[in-house]
There are 2 protein chains.
Amino acid sequence: MDKQTITIYDVAREAAVSMATVSRVVNGNPNVKPATRKKVLEVIDRLDYRPNAVARGLASKKTTTVGVIIPDVTNIYFSSLARGIDDVATMYKYNIILANSDQNGQKEVQVLNTLLAKQVDGIIFMGNQITDELRAELKRSRTPVVLSGSVDPTGELGSVNIDYVAAVMESITDLINNGNKRIAFVSGSMDEPINGEYRLKGYKMALEKAGIKFDKELIFETDYSYRAGETLWPAIASSHATAAFVGDDELAVGVLNGARDAGLRVPEDFEIITSNDSKLTEIVRPKLSSITQPLYDLGAVSMRLLTKLMDKEEVSEKTILLPYGLIKRSSTK
Amino acid sequence: MDKQTITIYDVAREAAVSMATVSRVVNGNPNVKPATRKKVLEVIDRLDYRPNAVARGLASKKTTTVGVIIPDVTNIYFSSLARGIDDVATMYKYNIILANSDQNGQKEVQVLNTLLAKQVDGIIFMGNQITDELRAELKRSRTPVVLSGSVDPTGELGSVNIDYVAAVMESITDLINNGNKRIAFVSGSMDEPINGEYRLKGYKMALEKAGIKFDKELIFETDYSYRAGETLWPAIASSHATAAFVGDDELAVGVLNGARDAGLRVPEDFEIITSNDSKLTEIVRPKLSSITQPLYDLGAVSMRLLTKLMDKEEVSEKTILLPYGLIKRSSTK
DNA sequence: AAATAAGGTAAAAACGCTTGCAATTATCTT
DNA sequence: AAGATAATTGCAAGCGTTTTTACCTTATTT
């Protein structure tokens with residue numbers, strides 16, 4: 001009645017060998033006589049035996065599963081990373097347990113705990129703010145962790161990103177060269193180091209180099225969502241900014257539509273440059289100029305780094321910077 | 001040196017009870033004297049004991065994990081469903097193993113096998129084409145399965161969708177009422193029942209009711225991607241269609257931009273109605289009119305149905321239809 | 001106060017596999 | 001051909017829980 005499963009024991013009996021031998025052939029252990037291997041393989045095939053990964057996990061203390069903590073799969077930036085992660089994971093025979101956190105510290109800690117309970121071999125974390133509690137748990141767990149597309153100012157954890165400071169500086173400089181003096185800086189929470197430290201620093205450096213005075217009236221802090229951008233428009237408009245750097249594509253599209261729906265022409269009246277070069281940038285009109293980041297690769301490389309960490313391989317540098325670029329489409333002059 | 005773990009045995013010793021008792025309190029079994037429970041709980045807290053889910057899984061034959069097979073997380077339609085799935089899963093204490101399949105029959109079978117090896121308690125499948133091989137494996141596994149946002153013409157498997165026939169018929173009728181006689185039908189592969197059977201049927205019914213003759217020159221079969229839509233435009237243009245029904249939002253945006261970049265005005269010169277009501281529809285200009293589907297809910301309800309199946313609860317109807325609607329935005333007159 | 005009924009708790013057998021170690025068999029060496 | 005070495009294979013002890021069975025306390029009943 002219930003799902004009668006074939007165990008390694010059944011195979012051993014049918015093949016007239018010990019469980020140990022079956023285990024060896026299943027695991028590709030070379031210490032098996034070819035003839036024996038063949039015999040076992042035949043039985044496995046005939047019985048349609050499928051090793052129980054849970055039992056395996058218990059015995060070997062490896063689950064070939066990694067946990068992925070993601071703010072929201074629905075956000076194209078993160079899902080792009082996730083895709084890269086999954087592909088590389090598959091390549092290395094790992095599976096992914098995906099869990100949405102909404103960037104909520106509480107949830108993050110909770111999710112982390114259930115992942116650890118499930119004995120994942122490693123963790124990939126996305127999210128730009130790591131609370132002290134989370135960091136403590138992460139450390140205590142002794143499980144390899146890598147931050148994907150997220151920054152760790154302390155450098156304790158493995159992470160894969162681009163050089164945000166330089167990328168932002170370059171894009172702001174570009175905007176300045178186009179004649180803009182008042183450039184809005186629109187991003188998510190400044191509490192996130194990626195915004196409050198890295199991007200903002202790039203922004204300030206570019207201004208300084210051009211001899212423009214920093215004006216905090218031009219700093220806008222909001223959510224990473226389309227709606228947030230749309231809503232924010234009036235405020236940006238009244239700041240007399242003539243251009244904006246935006247830290248997220250959905251957000252940027254919101255700003256873009258806010259501006260256009262208010263009657264402005266982009267880029268003639270207002271220029272926009274965004275940060276993630278996701279599909280969205282090419283889907284909207286005008287197409288958005290953007291910092292380019294290899295999203296898929298960020299995920300892929302993160303996972304690859306994690307496999308090294310899990311295998312206890314020596315890694316020379318735990319913080320990996322991937323190349324970025326700047327692509328001018330039609331939202332800038 | 002290595003991660004020394006606290007086991008149930010340690011807790012039992014410290015609390016001076018048996019493992020069995022610790023197990024009972026951990027699992028909320030009521031047969032424990034309050035005083036004992038308290039004592040055990042204190043030790044658990046002090047030792048920071050975290051039950052090993054793998055061992056649990058082996059002993060109880062339940063992993064509280066479900067497998068989710070998704071064509072591509074990067075597609076907003078699917079990721080929206082996935083979000084609903086994950087939220088409900090979390091609610092019921094399950095985790096999700098997410099695996100991308102690219103709608104590739106081979107990969108699907110392979111992924112399914114590794115999920116089953118991992119002893120998932122259930123499976124949620126997204127993808128509109130179920131090969132015979134896959135169906136056979138699914139059946140043989142005796143693991144509960146539900147199709148999310150995907151159709152099963154045979155009705156053997158649990159599934160959650162909307163009434164595609166009716167929805168498409170309604171939208172085509174709307175287009176007809178706007179004066180269109182030549183309406184393009186743009187979708188993914190016609191081999192997928194959702195397109196070749198359901199949607200197409202709705203399309204034909206609407207035409208018939210209006211006395212318009214079906215013209216297969218107006219049927220366009222392509223990929224579910226932005227690029228595919230853009231590329232397809234010239235063909236649509238030369239078919240002399242004055243409107244299009246499109247089966248996927250990304251695809252629809254491609255068609256929209258193809259048309260506009262070619263100089264047409266939407267909706268004045270060409271009308272478009274799309275199918276999934278994802279974020280994209282509101283992000284582009286003009287905003288896309290669409291069939292509305294509760295994407296998040298489709299996922300959520302799928303997962304809820306799966307929990308019932310996993311608990312062996314009686315479910316009156318394995319095929320659940322959620323309500324759909326039609327929202328007119330600016331891509332139709 | 002004796003008999004009976006409930007709780008509570010412990011003991012130990014699974015769960016299905018990996019793995020170190022020992023035993024066996026095959027292959028060399030000289 | 002005997003001893004030595006290497007290649008195979010089997011044994012059995014875990015891995016950390018759950019769960020069944022049985023036993024032992026208490027409380028309840030009469």
Side-chain angles (χ1 to χ4, degrees), chain A residues 2-41 43-44 47-65 93 113-114 116-121, chain B residues 2-41 43-44 47-65 93 113-114 116-121:
Chain A
D2 41 4
K3 43 170 109 170
Q4 30 96 61
T5 42
I6 314 261
T7 73
I8 197 173
Y9 187 77
D10 300 315
V11 176
R13 180 167 29 70
E14 288 291 308
V17 297
S18 71
M19 295 166 41
T21 299
V22 177
S23 174
R24 286 191 196 96
V25 350
V26 167
N27 291 295
N29 184 315
N31 299 341
V32 181
K33 192 160 47 170
T36 312
R37 177 185 308 280
K38 180 151 173 289
K39 184 174 57 175
V40 172
L41 249 15
V43 175
I44 286 180
L47 264 44
D48 206 21
Y49 165 68
R50 179 191 292 131
N52 179 322
V54 173
R56 244 150 51 130
L58 184 58
S60 69
K61 294 171 166 297
K62 291 203 181 316
T63 54
T64 61
T65 302
K93 313 280 183 211
N113 275 312
T114 94
L116 293 176
K118 296 223 166 160
Q119 314 296 118
V120 295
D121 297 334
Chain B
D2 42 3
K3 47 169 104 169
Q4 30 94 61
T5 42
I6 312 262
T7 74
I8 196 175
Y9 185 76
D10 300 317
V11 177
R13 180 168 30 73
E14 288 291 308
V17 299
S18 73
M19 294 166 40
T21 298
V22 177
S23 175
R24 285 191 202 93
V25 351
V26 167
N27 290 295
N29 183 315
N31 298 342
V32 181
K33 189 159 50 168
T36 313
R37 178 186 307 281
K38 179 147 175 291
K39 185 173 57 174
V40 172
L41 249 15
V43 175
I44 286 181
L47 264 42
D48 207 19
Y49 165 69
R50 177 192 292 133
N52 179 323
V54 173
R56 252 181 351 170
L58 183 58
S60 67
K61 292 171 167 300
K62 292 202 181 316
T63 54
T64 61
T65 302
K93 312 278 184 210
N113 275 312
T114 93
L116 292 176
K118 295 223 166 160
Q119 314 297 116
V120 294
D121 296 334

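Each chain gets a letter, A, B and so on, in the order the sequences are listed, and its residues count up from 1. Remember, it's a predicted structure, so these values are computed and weren't measured experimentally.
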Note to self: Rounded to whole Å, please give me the gap between CG in B:Asn29 and C1' in D:dT20.
What the structure shows: 13 Å
Item checked: Pair A:Lys118-A:Thr63, side-chain donor/acceptor within less than 3.5 Å -> no
Next item on the list: With sequence neighbours excluded, tell me which residues meet salt bridge (charged side-chain N to carboxylate O under 4.0 Å, His left out) with A:Arg13.
Entry: A:Asp10
Item checked: Sidechain-backbone polar pair: B:Thr5 side chain, B:Thr7 backbone, donor-acceptor under 3.5 Å -> no
Margin query: Please enumerate all residues that pass salt bridge (charged side-chain N to carboxylate O under 4.0 Å, His left out) together with A:Lys61, with sequence neighbours excluded.
Written below: none
Using the 3.5 Å cut-off, write out each protein N or O paired with an N or O of nucleotides 22-28 of chain C and the distance between them.
none

Notebook entry, point to check: If we only count heavy atoms from C-beta on, is the B:Thr36 to B:Thr21 side-chain gap below 4.5 Å?
Noted result: yes
Margin query: Any side-chain to backbone donor/acceptor pair from B:Ser60 onto B:Arg56? Under 3.5 Å, distance only.
Written below: yes
Checklist line | Length of the CG-P vector between B:Asn31 and D:dC24, whole Å | finding: 19 Å
Note to self: Quick check: do A:Thr64 and A:Lys93 have side-chain heavy atoms less than 4.5 Å from each other?
What the structure shows: no
Check: How close or far is atom P of D:dT18 from atom NZ of B:Lys62, stated in whole angstroms?
Finding: 13 Å
Item checked: Difference in axis direction between the ends of the helix from C:dA1-D:dT30 to C:dT30-D:dA1, five pairs, 10° -> 30°
Item checked: Residues that A:Lys62 engages under salt bridge (charged side-chain N to carboxylate O under 4.0 Å, His left out), provided they are two or more places apart -> none
Margin query: Under a plain distance cut-off of 3.5 Å, with no hydrogens placed, do A:Asn31 and A:Arg24 share a side-chain donor-acceptor pair?
Written below: no
Note to self: Just the rounded figure in Å: distance from P of C:dA10 to CZ of B:Arg13.
What the structure shows: 15 Å
Note to self: I'd like to know if the side chain of B:Asn29 pairs up with that of B:Arg37 as donor and acceptor (distance under 3.5 Å, no hydrogens or angles considered).
What the structure shows: no
Margin query: At under 4.0 Å between heavy atoms, how does the protein contact nucleotides 14-20 of chain C? Give one character per nucleotide, 5' to 3', with B, S or -.
Written below: -BBBBBB
